[in-house]
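These numbers come from the heavy atoms of this one structure, side chains and all, not from hydrogens, waters or symmetry mates.
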Amino acid sequence: MSSPIRILLVDDDALIRAGLRAILTSDQQISIIGEAENGVRALELVERLNPVVILMDIRMPQLDGLGAMEAILQVNPEAKVLILTTFGEEDYIDRAMTGGAAGFMLKSSGPEELLGAVHAVAEGAAALSPRIARRVIDKVRSIDSASLAAAKELVQGLTPREQEVLSLVGASFTNAEIAARLVLTEATVKGHMTAVLLKLKARNRVDAALIAYKAGIVTS
């Protein structure tokens, strides 16, 4: 049996943390190793506990979730921060994604959706709630033609196989799912993914997924 996914839960509302804890601990593959009530405390616990996934609220005192995420990623660019909030405003979504979030979920998401997002992020996939994904797609459609052309040019620099991998990343497939779909080993997929991120100059899979959407290679 694989090791449980080590989660740091960050939210200033104790009742919300309790509800999230109840959902997350219903999954035997998830272990909550710490809780923080603000971004400052989160920074301390990340350094000490080294969680696999940081489930981060946005609105908190002292240091908000986005500020904490940016500080964490400066120290550890490989950290996986799953943003969780009740607010769906565009500026939060934009800053979370461009700031390096591994995913963005609404607190109104169902338990299964939240658990699925945690597993996806832990496995290296991007995770967006359906409502957020629709906002992203709508936003991409409104982007100026120069930005879309630039994304298409970047994608053209990929090999055909790398483009296949990128299109599946854009559709939120994990490495294991991509490997099964393309009949490859996970190690091969990881190699392609490393090359894709390097060629696209993307900081993570969410960033790569956005480029895939802009380039028009994600069909669903």
Side-chain angles (χ1 to χ4, degrees), residues 5 52-54 66 69-70 72-83 90 92-105 113 116-220:
I5 302 169
V52 173
V53 177
I54 305 156
L66 296 182
M69 176 191 74
E70 290 162 355
I72 289 168
L73 292 175
Q74 282 183 350
V75 177
N76 180 9
E78 302 301 317
K80 298 171 182 176
V81 181
L82 178 57
I83 295 293
E90 293 290 347
Y92 287 141
I93 298 171
D94 291 347
R95 186 177 164 195
M97 291 186 181
T98 58
F104 196 112
M105 302 296 293
E113 191 178 334
V118 168
H119 279 278
V121 168
E123 293 167 12
L128 297 176
S129 73
R131 287 169 60 187
I132 298 299
R134 283 195 293 271
R135 285 176 178 266
V136 171
I137 293 170
D138 289 342
K139 186 174 181 62
V140 166
R141 288 171 178 164
S142 67
I143 291 174
D144 65 275
S145 57
S147 295
L148 297 179
K152 290 179 180 178
E153 185 175 352
L154 282 173
V155 170
Q156 286 174 357
L158 303 178
T159 67
R161 179 62 87 186
E162 289 167 353
Q163 290 184 27
E164 285 183 299
V165 170
L166 177 61
S167 70
L168 294 174
V169 168
S172 296
F173 281 74
T174 66
N175 284 345
E177 291 168 338
I178 294 172
R181 194 176 182 91
L182 299 182
V183 195
L184 300 171
T185 65
E186 281 193 59
T188 299
V189 171
K190 288 179 181 178
H192 286 313
M193 196 63 232
T194 298
V196 166
L197 294 177
L198 182 63
K199 291 179 180 180
L200 296 183
K201 298 181 180 178
R203 59 187 302 169
N204 61 17
R205 292 173 78 105
V206 171
D207 199 11
L210 292 175
I211 294 173
Y213 275 113
K214 291 178 184 178
I217 66 170
V218 181
T219 56
S220 63

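Annotation for K190: atom NZ does not count as buried by contact number, only 12 or fewer foreign heavy atoms lying within 6.0 Å.
Taking each heavy atom of L158 and V196 in turn, the nearest pair found is CD2-CA, 4.2 Å. Residue Q163 comes nearest to Q156 through the heavy atom pair NE2-CA, 4.1 Å, listed as atom of the first residue, atom of the second, then distance. Between V53 and V118, the shortest heavy-atom contact is CG2-O, 4.1 Å. Smallest separation of non-hydrogen atoms from S167 and V218: O-CG2, 3.9 Å. Shown here for A96 and M69, the closest heavy-atom pair between the two residues is O-CE, 3.7 Å. Considering all non-hydrogen atoms of both residues, G170 and A212 come closest at CA-CB, 4.5 Å.
If you take CG on L148 and OH on Y213, they are separated by 14.5 Å, rounding to the nearest 0.5 Å. For the atom pair H192 NE2 and L184 CG, the distance stands at 5.5 Å (nearest 0.5 Å). Between L200 atom CG and I211 atom CD1 the span is 4.5 Å, to the nearest 0.5 Å. The NZ atom of K214 sits 9.5 Å away from atom CG of L154, with the distance rounded to the nearest 0.5 Å.
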Evaluate the criterion side-chain contact (heavy atoms from CB on, under 4.5 Å) for residue pair L197 and D207; output intermediate values, then yes/no. CA-CA 9 Å; L197 294 177; D207 199 11; over 6 Å; no
